[in-house]
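Following: one structure in structure tokens, then a few remarks.
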Amino acid sequence: MLKFFRKQFRINSLGEGNLKKYFLYAFGEIVLIVISILLAWKINDLNEIRKNKIIELKIYDSLYEELELNMKSLNGAIEQYASDIVRLEAILNYVGQSPEQITQGAKDTIVHITYSELNILDGALNSVINTTKFEMIESTSLKRLITNYPTEIGVLDTEDAKVKKIVVDDVQTVIEKYLSLADMLPKGKTEYSAIKKFGAKSDYHQLLQDKNYQNSIVAWLLHTENLLSLTKKLRSRTNDMAIKLSRELGYDLDG
């Protein structure tokens, strides 16, 4: 019906010779069409912005969860490395003691110090960096932290691998030469009484005098000190990223 009246108006205007009035009407229709197109374009842009924002928040949320887990792992690792350093320094101080001076506590320290592999998650991080998701992140400072994070994880993993190699290839090899693994079995259990009574005995004094053992303990200590420093640095970076992400997500930092 509306189209009919418009058409009729145009015909009447031309029929009456009112060309100026016709052109004004035609111009008005063109303006309305242009405005409608621009409005539709703007609405479409707003919808795209809204969709991108939703995707961006999902990216932030997955990264935040991964960083929270990494913070727990890093905090635990820092405590472990600090404890390992104290034990390794104690072992070095046992060197030179006579068999009678080596206490049961010293033996327990030598036997029970172990290596724990550090596991830092980076699945969500790599998913962002290696896809178009990365371009959806608006914060420049956050992008920089995300870009540098894998490199820092790699440096930490490299140092951790060195410690693992020292423990597995050097320390454990020498320990097995002088110590009976029966010493690692729980005390006071009757099912282990035979191996503890009749099994081969450990020689802690000779172990402590072994040059390879001393060198491997020193190497373990030095690399663990470096590992502790790198872990603290990565924890700081992780915390910075988590804070920025929490602000982007609108989380209550004081909660």
Side-chain angles (χ1 to χ4, degrees), residues 63-96 105-129 141-142 144-179 181 183-184 204 207-245:
L63 279 174
Y64 185 79
E65 289 180 1
E66 186 169 89
L67 291 174
E68 284 287 283
L69 292 173
N70 283 347
M71 281 294 291
K72 292 179 181 178
S73 297
L74 291 167
N75 285 332
I78 288 170
E79 289 183 10
Q80 181 63 50
Y81 298 150
S83 176
D84 288 346
I85 289 170
V86 172
R87 290 185 174 218
L88 289 166
E89 288 174 341
I91 290 173
L92 291 177
N93 286 325
Y94 300 148
V95 174
K107 293 177 181 179
D108 290 340
T109 298
I110 293 169
V111 169
H112 292 293
I113 186 168
T114 57
Y115 161 80
S116 298
E117 188 169 3
L118 180 61
N119 183 27
I120 300 298
L121 303 175
D122 60 359
L125 188 75
N126 288 328
S127 174
V128 171
I129 294 174
S141 59
L142 184 56
R144 185 168 57 252
L145 285 170
I146 289 173
T147 302
N148 294 335
Y149 199 68
T151 302
E152 295 188 47
I153 291 177
V155 172
L156 187 63
D157 285 343
T158 300
E159 192 65 23
D160 188 45
K162 290 178 182 177
V163 173
K164 182 178 181 179
K165 186 176 186 304
I166 291 168
V167 175
V168 174
D169 294 348
D170 301 331
V171 178
Q172 289 184 0
T173 301
V174 182
I175 282 180
E176 290 173 4
K177 179 180 177 182
Y178 293 100
L179 302 186
L181 295 182
D183 288 1
M184 300 182 69
Y204 289 90
L207 172 67
L208 290 167
Q209 298 306 117
D210 189 287
K211 180 181 178 181
N212 291 332
Y213 180 71
Q214 294 173 8
N215 288 341
S216 62
I217 293 297
V218 170
W220 188 356
L221 173 62
L222 294 176
H223 282 286
T224 302
E225 288 175 339
N226 193 32
L227 195 56
L228 177 60
S229 176
L230 291 172
T231 305
K232 287 181 177 179
K233 182 180 178 182
L234 186 62
R235 181 179 65 176
S236 177
R237 295 288 187 274
T238 303
N239 187 57
D240 288 345
M241 288 176 62
I243 289 174
K244 288 183 180 295
L245 283 170

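Hydrogens, waters and symmetry mates are skipped; everything else that's a heavy atom, side chains included, is used.
- In this structure, a donor-acceptor pair under 3.5 Å is present between the side chains of Gln80 and Asp84.
- Rounding to the nearest 0.5 Å places CD1 of Ile153 at 7.0 Å from OG1 of Thr238.
- Formation of a donor-acceptor pair under 3.5 Å by the Ser127 side chain with backbone atoms of Gly123 is not found in this model.
- Other residues, nucleotides and ligands place no more than 12 heavy atoms under 6.0 Å from the NZ atom of Lys164.
- Expressed to the nearest 0.5 Å, how far CG of Leu156 lies from OG1 of Thr151 amounts to 12.5 Å.
- With hydrogens and angles ignored, the 3.5 Å screen pairs a side-chain donor or acceptor of Gln209 with a backbone N or O of Gly96.
- Minimum interatomic distance between Glu66 and Ala124 (heavy atoms only, all atoms of both residues): OE2-N, 2.7 Å.
- Of all the heavy atoms in Ala77 and Leu118, the pair that sits closest is CB-CD1, 3.7 Å.
- Between Thr224 and Arg87 the shortest side-chain heavy-atom distance does not fall below 4.5 Å.
- Contact check for Asn119 versus Ser73: no side-chain heavy atoms found under the 4.5 Å cut-off.
- The two residues Thr231 and Leu74 make their nearest non-hydrogen contact at CG2-CD2, 3.6 Å.
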* To do: Show your reasoning for whether side-chain contact (heavy atoms from CB on, under 4.5 Å) applies to Arg237 and Asn148.
  => CA-CA 9 Å; Arg237 295 288 187 274; Asn148 294 335; over 6 Å; no
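- Proximity of a side-chain donor or acceptor of Ser83 to a complementary backbone N or O of Glu79 within less than 3.5 Å is not detected.
- Between atom CG of residue Leu207 and atom CG of residue Leu179 there is a gap of 5.0 Å, rounded to the nearest 0.5 Å.
- Residues Thr173 and Asn212 have side chains not in contact (no heavy-atom distance under 4.5 Å, counting atoms from C-beta outward).
- Listed here is the closest heavy atom pair of Ile91 and Leu208: O-CD2, 3.9 Å.
- Between the side chains of Tyr115 and Asp160, a donor-acceptor pair is found at a separation under 3.5 Å.
- Checking side-chain atoms of Asn75 against main-chain N and O of Met71 turns up a donor-acceptor pair under 3.5 Å.
- Here the shortest heavy-atom pairing between Gln214 and Leu92 reads O-CD2, 4.3 Å.
- Under a 3.5 Å cut-off, the side chain of Asn226 and the backbone N or O of Leu222 do not form any donor-acceptor pair.
- Considering CD of Glu225 and CD1 of Ile85, their distance stands at 5.0 Å, rounded to 0.5 Å.
- Contact check on Glu152 versus Lys233 returns no salt bridge, with no Lys/Arg side-chain nitrogen under 4.0 Å from an Asp/Glu carboxylate oxygen.
- Atom-to-atom distance recorded for Leu88:CG and Ile110:CD1 is 11.0 Å, nearest 0.5 angstrom.
- Side-chain contact between Val111 and Tyr204 is present, with heavy atoms from C-beta onward closer than 4.5 Å.
- In this structure the side chain of Thr114 never reaches within 4.5 angstrom of the side chain of Val167, judged on heavy atoms.
- Pairing each heavy atom of Ile146 with each of Ile129, the nearest pair is O-CD1, 3.5 Å.
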* Asked: Does the side-chain contact (heavy atoms from CB on, under 4.5 Å) test come out yes or no for Tyr149 and Leu63, once each step is laid out?
  -> CA-CA 12 Å; Tyr149 199 68; Leu63 279 174; over 6 Å; no
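- A donor-acceptor pair under 3.5 Å is absent between the side-chain atoms of Asn70 and the main chain of Ile120, judged by distance alone.
- In this structure, Ser216 OG and Asp210 CG are separated by 8.0 Å, a value rounded to the nearest 0.5 Å.
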